[in-house]
Amino acid sequence: MTSNNDSDLHFFLESELDSLHTQRIVDTALHGMDDGELYLQYAQSESFSFDDGRLKSAAYDTTKGFGLRAVQGEVSGYAHSSELSEEALLRASETVKSITSGKNATLAMHPKGTNKKLYSEENPLLGMAFRDKISLLEEIDAYARAKDSKICQVSSSITGEWQTIEIIRPGGHRVRDIRPLVRLNVSVVVKDGDRMESGYQGAGGRYEYSQLLTEENWKAQVDEALRQAMVNLDSIPAPAGEMDVVLGPGWPGVLLHEAIGHGLEGDFNRKGTSAFAGLMGQQIAARGVTVVDNGTMPNRRGSLTFDDEGTPTNCTTLIEDGILVGYMQDRMNARLMGVEPTGNGRRQSYAHQPMPRMTNTYMLAGNQDPKEIIEGVKDGLYAVNFGGGQVDITNGKFVFSCTEAYLIKDGKIGAPVKGATIIGNGADVLKQVVAIGNDLELDSGVGICGKAGQSVPVGVGQPTLRVNGLTIGGTEG
């Protein structure tokens with residue numbers, strides 16, 4: 001998408017910057033460089049938190065700034081400022097030019113243009129009155145508390161964001177995007193005697209509040225959070241040991257994201273620090289396993305019209321029928337590895353440099369009935385929801401905690417268990433997949449990914465999977 005007056009409204013008409021002078025500064029700063037860009041960002045964000053029957057916090061923030069990057073070889077110079085002025089840009093220009101070594105360089109080709117639109121450009125923060133947002137949180141609280149006498153605490157929150165992005169490269173190449181993002185979170189705590197348990201559910205995406213905050217949707221989030229809490233109230237200590245595990249569809253794809261996805265990002269593989277480095281073209285997963293990173297899905301939380309370097313996003317196949325066929329690439333790592341960028345150069349804000357990051361990463365569906373997959377397990381674990389986890393990219397080892405899981409006995413789902421953790425190795429776990437369901441689901445739109453101190457919104461997903469021989473850490477005495 002090319003720039004127009006929508007972006008100029010924020011970056012030039014409402015600042016001290018002049019469009020023509022800015023282009024000249026960028027041309028001068030990046031002369032003789034292999035790559036680079038000026039990244040301009042204007043963002044509005046808000047959040048409302050409701051807890052213990054009252055409004056706990058309400059916040060609104062506006063940020064703006066630029067990041068100027070020059071790249072030569074494997075070295076990048078970066079300067080950023082929240083001051084949108086020619087003086088600040090000139091200072092940044094002098095900073096990034098200091099990386100030049102005097103050698104000749106050829107400026108990388110500009111990203112190809114696109115006119116696609118993956119989400120609305122309307123500002124969600126303006127579509128609903130302040131009082132109406134508070135009233136809705138009050139209604140959510142009242143609805144939840146009326147559901148069951150065991151409920152002792154209800155928390156809910158609404159967050160919204162609207163960003164305008166413009167990227168300027170040498171020679172006059174410009175792209176711009178307007179990015180909405182909304183999210184609803186609901187958590188419920190239940191108590192029975194001395195025992196207390198909790199449940200959580202959320203939803204979101206790149207659209208307006210009117211789509212997120214329908215009565216049908218927010219009631220569904222409350223009902224699901226309560227269901228999880230009540231299940232946990234009846235849970236028994238989880239057993240420990242090696243067992244077959246069935247992973248549910250949708251959010252359990254976060255294990256795939258963490259344990260495998262990060263290891264398939266270009267920078268880790270170029271540097272040889274990933275457990276998957278040097279394995280291109282080799283079988284790294286069971287036959288039937290196909291994993292993609294797809295930033296082109298309309299309205300999804302992890303989707304982008306183009307990435308934070310100006311490259312249009314793609315549906316990039318990473319693993320195809322068990323064979324490693326691709327990595328996720330930003331521009332610098334793609335150039336150094338002799339491949340094409342995949343539209344995965346992402347940054348948290350103008351104050352951060354881009355790096356290879358995931359968008360919406362998921363495994364494609366197989367052809368097996370999920371019910372039959374469970375029926376094929378004699379003794380195992382059915383893991384439906386996950387909480388936090390830890391992953392070591394260099395060796396692929398991971399530990400994930402289950403927030404909702406059940407025993408499987410003789411092919412039937414049994415008692416819920418509490419305190420189960422799944423322990424494994426990302427390089428091995430995909431080889432242990434023995435059944436893939438036909439029920440691919442994506443998460444509800446709450447994913448946040450952290451890497452090198454930066455956080456970005458992402459999506460995950462998968463069908464029902466059976467993985468044999470995983471190690472389970474439990475709490476059973």
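Position 1 is the first residue of the sequence; numbering continues from there.
Contacts of D321 classified as salt bridge (Lys or Arg N to Asp or Glu O under 4.0 Å), with partners at least two apart in sequence or in another chain: R287. Not a single side chain to side chain donor-acceptor pair (under 3.5 Å) links N425 to another residue, sequence neighbours left out. For H173, the ring pair (Phe, Tyr, Trp, His ring centres under 6.0 Å) partners are H110, not counting sequence neighbours. Take N232 and apply the side chain to side chain donor-acceptor pair (under 3.5 Å) test, not counting sequence neighbours, and it matches no residue. Taking the salt bridge (Lys or Arg N to Asp or Glu O under 4.0 Å) definition, one finds that D443 meets it with R300, sequence neighbours left out. Taking the side chain to side chain donor-acceptor pair (under 3.5 Å) definition, one finds that R131 meets it with S135, E138, sequence neighbours left out. Considering only residues two or more places apart in sequence or on other chains, V391 meets the side-chain contact (heavy atoms from CB on, under 4.5 Å) condition with E258, I393, F398, F400. Annotation: side chain to side chain donor-acceptor pair (under 3.5 Å) contacts of S57 (sequence neighbours excluded): none. Scored by the salt bridge (Lys or Arg N to Asp or Glu O under 4.0 Å) test, E441 finds no partners at all (sequence neighbours excluded). Among residues two or more places apart in sequence or in another chain, the salt bridge (Lys or Arg N to Asp or Glu O under 4.0 Å) test is passed with E83 by R91.
Y209 OH to T159 OG1: the interatomic distance, rounded to the nearest 0.5 Å, is 6.5 Å. Rounded to the nearest 0.5 Å, atoms CE (M355) and NZ (K451) are 6.0 Å apart. Rounded to the nearest 0.5 Å, atoms CD (E46) and CG (D61) are 11.5 Å apart. Rounded to the nearest 0.5 Å, atoms CG (L68) and CG (L30) are 5.5 Å apart. Note that CD1 of I158 is 6.0 Å distant from CE of M128, once rounded to the nearest 0.5 Å. Here the CD1-CD1 distance, from I168 to I25, works out to 10.0 Å after rounding to the nearest 0.5 Å.
Side-chain contact check for D141 and S156: no donor-acceptor pair (N or O, by modelled atom type) lies under 3.5 Å. Judged purely by distance below 3.5 Å, without hydrogens or angles, the side chains of T403 and N385 never pair a donor atom with an acceptor atom. For the residue pair Q41/Q163, the side-chain donor-acceptor check at 3.5 Å is satisfied. In this structure, a donor-acceptor pair under 3.5 Å is present between the side chains of T359 and D293. Checked by atom type, the side-chain pair N344/T342 shows a donor-acceptor distance below 3.5 Å.
Between R346 and E265, no side-chain nitrogen of the basic residue sits less than 4.0 Å from a carboxylate oxygen of the acidic one, so the salt-bridge criterion is not met. The residues E37 and R347 are annotated as salt-bridged, a charged nitrogen and a carboxylate oxygen being separated by less than 4.0 angstrom. Comment: D267 does not engage K271 in a salt bridge, judged by the lack of any side-chain N to carboxylate O separation of less than 4.0 angstrom. A salt bridge links E404 to R227: at least one charged side-chain nitrogen sits closer than 4.0 Å to a carboxylate oxygen. Look at D34 and R335 and you find a salt bridge, because one of the NZ, NE, NH1 or NH2 atoms lies within 4.0 Å of a carboxylate O, short of that distance. Checked for salt-bridge contact, R357 and D330 miss the test: no charged N lies under 4.0 Å from a carboxylate O.
Tested against F306, the residues T311, L118, T313, I167 include a single side-chain contact (heavy atoms from CB on, under 4.5 Å) partner, I167.
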Applying side-chain contact (heavy atoms from CB on, under 4.5 Å), run through R174 and E166 and close with a yes or a no. CA-CA 7 Å; R174 301 187 181 197; E166 183 160 348; 3.5 Å; yes
Quick one: do T296 and K116 satisfy side-chain contact (heavy atoms from CB on, under 4.5 Å)? Show the steps, please. CA-CA 9 Å; T296 69; K116 66 182 178 182; 3.8 Å; yes
Could you go through H21 and E86, starting from their C-alpha distance and side-chain angles, then the distance that decides it, and tell me whether this counts as side chain to side chain donor-acceptor pair (under 3.5 Å)? CA-CA 8 Å; H21 288 174; E86 188 171 318; 3.2 Å; yes
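Contact detail for S155 and D51: the closest heavy-atom pair is OG-OD1, 2.7 Å. The two residues C402 and F386 have their closest heavy-atom pair at SG-CE2, 3.8 Å. Closest approach of V446 and G202 over heavy atoms only: CG1-C, 3.4 Å. For D27 against G171, the heavy-atom pair with the smallest separation is OD1-N, 2.9 Å.
Relative to the ring axis of Y350, R69 does not place its NZ or CZ within 45° and under 6.0 Å from the centre.
Looking at R206, its side chain does come within 3.5 Å of a backbone N or O of P180 through a donor-acceptor pair. The backbone N or O of Q353 lies less than 3.5 Å from a partner atom in the side chain of Q454, making a donor-acceptor pair. A distance-only check finds a donor-acceptor pair linking the side chain of Q348 to the backbone of S455 [under 3.5 Å].
Counting heavy-atom neighbours within 6.0 Å of H31 NE2, excluding the residue itself, gives a total of 12 or less.
Side-chain contact between L40 and L84 is present, with heavy atoms from C-beta onward closer than 4.5 Å.
For the ring pair (Phe, Tyr, Trp, His ring centres under 6.0 Å) condition, the pairs that include at least one residue of residues 114-145, sequence neighbours left out, are F48-F130, Y143-W218. Residue pairs meeting the ring pair (Phe, Tyr, Trp, His ring centres under 6.0 Å) criterion with at least one member in residues 253-273, sequence neighbours excluded, are H257-H262.
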